[in-house]
Number of protein chains: 2
Amino acid sequence: MPRGRLTAADVVRAGAELADEVGYQDLAMGALAQRLGVRTPSLYKHVGGLDDLRRRVAVLAVTELGEAVRAAIQGRAGSDALAAFARAFAAYVTAHPGRYAATIGAEVTGPGDELYDASARVLESMAAILRGYGVGDDEMVHAQRTLRCLFHGLAALQAANGFRWTGDTDESFDWMIGFVDRGLRGEKTAVSG
Amino acid sequence: MPRGRLTAADVVRAGAELADEVGYQDLAMGALAQRLGVRTPSLYKHVGGLDDLRRRVAVLAVTELGEAVRAAIQGRAGSDALAAFARAFAAYVTAHPGRYAATIGAEVTGPGDELYDASARVLESMAAILRGYGVGDDEMVHAQRTLRCLFHGLAALQAANGFRWTGDTDESFDWMIGFVDRGLRGEKTAVSG
DNA sequence: GCCATAAAGCTAATCTAATTAGCCGAGCGC
DNA sequence: GCGCTCGGCTAATTAGATTAGCTTTATGGC
């Protein structure tokens, strides 16, 4: 909670915190203004409106997520890197469900778009892992898309339900990592023409 | 568009169509009433409100999806069944992005809940495929969760972006199916203690 | 040191959408 | 034929986002 005057970054950060606390659905201009000790219309001096706020929260989330996974895979390779990536990803989403939810519906246009560029950084970490598995350039995009679906699904279910899976969530998580590892290992010998 | 008086089912069906056409975000009571040739408050005689409508659309979607995938895997097994399941799933989401989007955030409580029961039917189809791969009861729940994440992620990205992946989407899809097949095949020999 | 200015806040007003209250007419069981 | 219930309607309320236009405050030029 900044003491002096607000900046756009302050507003976005507070919005992200609010979304994490009350859920993305309840991220509202009024509640955010209250949290910042300011009247609702004042926020419009910093962000374009609710839609703009949501998008900026999404950008923040993907950027932070990219930093988290990059740090996690530093110095690791193979299934080690894969497991570290997966754990960092899941940990981020668990810690910041509201932020992640903001990214789910966000429109991504193309290069130059902040969200696109931030996503590209996450995909680059993924590509580094895949290269370690011997995935070639020709298959890279398919493998990336597959893993993206898997992790996005994991995150979406986690963000939506708070992951109310009964029993051994950790065990399921380990199983999933093993599954991906097998799928990627098998790939090297099972390339089809 | 029913000529006579409306039923709850009419309203939900029209809501689902509207969501598919204009996007889940723009599913609104006013627009739905207009589509049905009725004033907005009249809808409240059939559904509890917007939240109730959304939930009913989600139930419809998961029910239809369950029927689609069950029909698709009929008489197939192994990677055949897997591919059929995946194609039916993706086809449903492509044809009904708004409906599927309704399911993403929906609250699922437990047995007896319509949405829970409908989801259970989808998971049962998944389990049938996994049994064909030799996945045992002890691992079934983990495998189900993994595939659920993968397909949900696929669907969520599809529903959100309209799947604006460049290039060979079909090829990526085939790669994904191959990946899952490898991950499940490897499983039989790679069971860890 | 003093004013012009722009940024950042505020109040009041507007708009849109959901929802609620309460009235009205048609079909149907008695 | 009478009255009840259902499904529709209009009017009013509420909540929230957004806009308009005023006020204050920090700051740079003189």
Side-chain angles (χ1 to χ4, degrees), chain A residues 1-61 98-99 101-107, chain B residues 1-61 98-99 101-107:
Chain A
M1 299 155 187
R3 291 278 62 213
R5 297 169 119 184
L6 293 179
T7 67
D10 295 330
V11 173
V12 174
R13 185 158 309 273
E17 290 167 10
L18 181 60
D20 287 338
E21 286 169 26
V22 304
Y24 181 64
Q25 293 308 321
D26 294 333
L27 173 57
M29 295 300 274
L32 178 55
Q34 195 166 9
R35 159 182 281 254
L36 288 166
V38 121
R39 299 309 185 113
T40 309
S42 304
L43 298 180
Y44 289 79
K45 291 288 162 76
H46 305 290
V47 297
L50 184 57
D51 288 345
D52 181 44
L53 173 66
R54 286 175 172 158
R55 169 153 257 272
R56 286 166 185 249
V57 170
V59 171
L60 175 66
R99 271 169 237 229
T103 72
I104 293 179
E107 193 81 15
Chain B
M1 302 157 186
R3 291 281 61 212
R5 297 168 121 186
L6 292 179
T7 67
D10 294 331
V11 173
V12 174
R13 186 159 309 274
E17 289 167 10
L18 180 60
D20 287 339
E21 286 169 25
V22 303
Y24 181 64
Q25 292 309 321
D26 294 333
L27 172 58
M29 297 297 276
L32 179 54
Q34 195 166 10
R35 161 182 281 254
L36 288 166
V38 121
R39 299 309 184 116
T40 308
S42 304
L43 298 179
Y44 289 78
K45 291 289 162 78
H46 305 290
V47 297
L50 184 57
D51 287 346
D52 181 45
L53 173 66
R54 286 175 172 159
R55 168 153 258 272
R56 287 167 185 247
V57 170
V59 172
L60 174 66
R99 269 169 238 228
T103 72
I104 292 179
E107 195 81 13

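Both backbone and side-chain heavy atoms feed into the values below; hydrogens, waters and symmetry mates do not. Throughout, protein chains are lettered first and strands after them, A, B, ... in sequence-line order, and every chain is numbered starting at 1.
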Looking only at side-chain N and O atoms, does [X] come under 4.0 Å of OP1 or OP2 in [N]?
X: S42(A); N: dC10(C); value: yes
X: H46(B); N: dC6(D); value: no
X: R39(B); N: dT10(D); value: yes

Query raised in the report: Quick one: which of L18(A), T40(A), V47(A), V12(A) gives a side chain to side chain contact (heavy atoms under 4.5 Å, CB included) with L32(A)?
Result: L18(A)
Query raised in the report: Which pairs, with at least one residue in residues 36-45 of chain A and sequence neighbours excluded, count as a salt bridge (charged side-chain N to carboxylate O under 4.0 Å, His left out)?
Result: none
Separation of [N] [atom2] from [X] [atom1] (nearest whole Å):
X: D52(A); N: dA17(D); atom1: CG; atom2: C1'; result: 14 Å
X: R5(A); N: dA26(D); atom1: CZ; atom2: C1'; result: 6 Å
X: K45(B); N: dG8(D); atom1: NZ; atom2: C1'; result: 6 Å
X: L18(B); N: dA17(C); atom1: CG; atom2: P; result: 13 Å
X: Q34(B); N: dC9(D); atom1: CD; atom2: P; result: 13 Å
X: L6(A); N: dC10(C); atom1: CG; atom2: C1'; result: 14 Å

Residues in side-chain hydrogen bond (donor to acceptor under 3.5 Å, both in side chains) contact with [X], at least two apart in sequence or another chain:
X: R55(A); result: D113(A)
X: R99(B); result: D20(B), E64(B), H96(B)
X: Q34(B); result: none
X: D51(A); result: none

What's touching nucleotides 18-20 of chain C from the protein side, N or O pairs under 3.5 Å?
from, atom 1, to, atom 2, distance (Å)
dA18(C), OP1, M29(B), N, 2.9
dA18(C), OP2, M29(B), N, 3.4
dA18(C), OP2, G30(B), N, 3.2
dT19(C), OP2, Y44(B), OH, 2.8
dT19(C), OP2, L50(B), N, 2.7
dT19(C), O5', Y44(B), OH, 3.2

